[in-house]
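Scroll down for the structure; my scribbles are underneath it.
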Amino acid sequence: MKFDRIMIRYGEMALKGKNRRAFEQKLQSNIAIKLKKYSNTTIQKTQGRMYVLLNGEDPHQVMKECQEIFGIHSLSFAVKIEKDEEEMKGAALLAFQDAKGARTFKISSKRTDKTFPIPSQEMNPLLGGHILRHTEGVTVDVHNPDVEIKVEVRHEGCYVTAQDYPGAGGLPVGTTGKSLLMLSGGIDSPVAGYLTMKRGVEIEAIHFHSPPYTSERAKQKVIDLAQELSKFGSKVKIHVIPFTGVQQTIHREMPEGYSMTIMRRMMMRISERIAERNGLLSITTGESLGQVASQTMESMNTINEVTNYPIIRPLVSMDKIEIIDISRTIGTYDISIRPFEDCCTVFVPKSPKTKPTREKANYYESNVDFNGDIEKALQESYIIEVSPDEHTGQEEDDFDDLL
């Protein structure tokens, strides 16, 4: 006997009211996209539940993929069998054996088909006794078991569900709008993108590239990060902005202490134009309050002045250790620490202002016409699109680094 399906449980999504159906439909669509390479799988939606029917596909591989889909609270392997006592015993044993290392268990039976002759209170010891006879060193614990095996006898058959696996939580990507992620290539911005996606937001990315000061490998790092993020949603568009001209003008014309602030204001202006052009409703950044000079409260206030768009800052209250922990969990950390610098490291001032003011920033900018540089950057921008299954050249970079 083998598991033939994966049962999906909703979390926060289950609390939705009249629009719950739209959330469920989007989740079903996202699951179908994620499991496209498992061509035999199908998705079955019932009242308050969703199943992935495996149809011969490897249950553990499919489970691993499903755990990366936002909107799923938890998952369990399950099997649908005939309403037969011996089959139920075999399925219960299979469910227990899947919980590697479990020493205690509990059987929870439910009989919605009252024509089935074995009542729930008799089914629990019947199935539990079968597990005890075919295992060693195992006991029943009805209060705090290592694994709870659920058995439900319904009119169309009997369902046996194994241990719970954690899902990604959150809301299905694409249910709460779109945002433009400022993706630098560092540790913070990919984590900000991940957490924004967890709230159901579909992201596109913007990357400021400054050749010859930044290399093609720095850009490749961003492409690889975007691909990692695409595992949690779908395809990700990267808007690559040639930023050299803007930075050279800032370096040449602006006071050194304000160059970082002015650069961020220019990035925000360009990001707003890209967001507006593509129908995106907000801008997401990896800023964490107080982490660096451009992320003080005064800096954020001065930089924000140039846009009316909402700025999403998922990391604003996190410290670096928390951010690094998440980056390791989602698989972006090792990419982020590759030694290829982004444009934010070009022309770095020795003593950037930590408390810049809007008045001074506006005064310095009023002496220089940046419109030409901004328009040129927008005209020369281009899009790279990545998806989870595409090869992005990461392996070549890793191999070349060993030479």
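Values below: all heavy atoms of this structure, side chains included; hydrogens, waters and symmetry mates excluded.
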Parallel, tilted or perpendicular: which one describes the rings of Tyr194 and Phe232, with boundaries at 30° and 60°?
perpendicular
Under the criterion side chain to side chain contact (heavy atoms under 4.5 Å, CB included), which of Arg269, Glu287, Gln295 is the partner of Arg264?
Glu287
Around atom [atom1] of [X], are there more than 12 heavy atoms of other residues, nucleotides or ligands at under 6.0 Å?
| X | atom1 | answer |
| --- | --- | --- |
| Gln121 | CD | yes |
| Lys83 | NZ | yes |
| Lys178 | NZ | no |
| Lys320 | NZ | yes |
| Lys114 | NZ | yes |
| Lys45 | NZ | yes |

Given 3.5 Å as the limit, does a donor-acceptor pair link the side chain of [X] with the main chain of [Y], or not?
| X | Y | result |
| --- | --- | --- |
| Ser336 | Gly186 | yes |
| Glu253 | Val368 | no |
| Ser179 | Ser282 | yes |
| His134 | His130 | yes |
| Thr176 | Val201 | yes |
| Thr112 | Val153 | yes |
| Lys353 | Ser259 | no |
| Asn19 | Ala22 | no |
| Tyr258 | Thr357 | yes |
| His239 | Ile383 | no |

Is a donor from one side chain sitting under 3.5 angstrom from an acceptor on the other, for [X] and [Y]?
| X | Y | result |
| --- | --- | --- |
| Arg9 | Ser74 | yes |
| Ser120 | Ser109 | no |
| Asn362 | Glu305 | yes |
| Gln163 | Tyr165 | yes |
| Thr41 | Glu57 | no |
| Thr214 | His209 | yes |
| Ser299 | Thr302 | no |

Would you say the side chain of [Y] lies within less than 4.5 Å of the side chain of [X], judging by non-hydrogen atoms?
| X | Y | result |
| --- | --- | --- |
| Ile81 | Met88 | yes |
| Gln97 | Leu93 | yes |
| Lys219 | Val222 | no |
| Ile118 | Glu85 | yes |
| Phe70 | Arg199 | no |
| His60 | Asp98 | yes |
| Lys36 | Glu65 | no |
| Ile149 | Ile131 | yes |

Looking only at heavy atoms, which two atoms of [X] and [Y] are closest? And how far apart?
| X | Y | answer |
| --- | --- | --- |
| Thr161 | Ala78 | OG1-CB, 4.2 Å |
| Val246 | Ile374 | CG2-N, 4.4 Å |
| Asp164 | Ser76 | OD1-OG, 2.8 Å |
| Lys26 | Val173 | CE-O, 3.1 Å |
| Gly185 | Leu225 | CA-CD1, 3.6 Å |
| Glu365 | Met254 | N-SD, 4.4 Å |

Distance check, rounded to the nearest 0.5 Å: [X] atom [atom1] versus [Y] atom [atom2]?
| X | Y | atom1 | atom2 | result |
| --- | --- | --- | --- | --- |
| Arg313 | Thr285 | CZ | OG1 | 5.0 Å |
| Glu375 | Ile270 | CD | CD1 | 9.5 Å |
| Leu27 | Ile43 | CG | CD1 | 8.0 Å |
| Ile303 | Met263 | CD1 | CE | 8.5 Å |
| Lys106 | Asp146 | NZ | CG | 13.0 Å |
| Ile335 | Gln220 | CD1 | CD | 9.5 Å |

Less than 4.0 angstrom from a charged side-chain N to a carboxylate O is my criterion; do [X] and [Y] meet it?
| X | Y | value |
| --- | --- | --- |
| Asp224 | Arg338 | yes |
| Lys80 | Glu156 | no |
| Glu276 | Arg273 | no |
| Glu228 | Lys221 | no |
| Lys235 | Glu202 | no |

Please determine if Arg5 forms a cation-pi arrangement with Tyr51, meaning its NZ or CZ atom is less than 6.0 Å from the six-membered ring centre and no more than 45° off the ring axis.
yes
Checking Asp325 against Ile321 for the side-chain contact (heavy atoms from CB on, under 4.5 Å) test, could you report, in this order, the C-alpha distance in whole Å, the side-chain angles of both residues, the deciding distance, and whether it holds?
CA-CA 6 Å; Asp325 286 344; Ile321 295 174; 4.0 Å; yes
Partners meeting side chain to side chain contact (heavy atoms under 4.5 Å, CB included) with Val140 (sequence neighbours left out):
Phe105, Leu132, Val142
Let's go through Ile283 and Met268 carefully: what are the C-alpha distance in whole Å and the side-chain angles of both, what is the deciding distance for side-chain contact (heavy atoms from CB on, under 4.5 Å) to 0.1 Å, and is it a yes or a no?
CA-CA 9 Å; Ile283 297 169; Met268 201 62 74; 4.0 Å; yes
Between Glu86 and Lys89, is a salt bridge (charged side-chain N to carboxylate O under 4.0 Å, His left out) present by the stated rule, with each step listed?
CA-CA 5 Å; Glu86 293 305 313; Lys89 289 178 179 178; 3.6 Å; yes
What's the verdict on side-chain contact (heavy atoms from CB on, under 4.5 Å) for Val52 and Leu35, showing C-alpha distance, side-chain angles and the deciding distance?
CA-CA 9 Å; Val52 175; Leu35 300 182; 3.7 Å; yes
By the ring-ring contact (aromatic ring centres under 6.0 Å, His included) test, which pairs, at least two apart or in different chains, include something from residues 2-26?
Phe3-Phe77
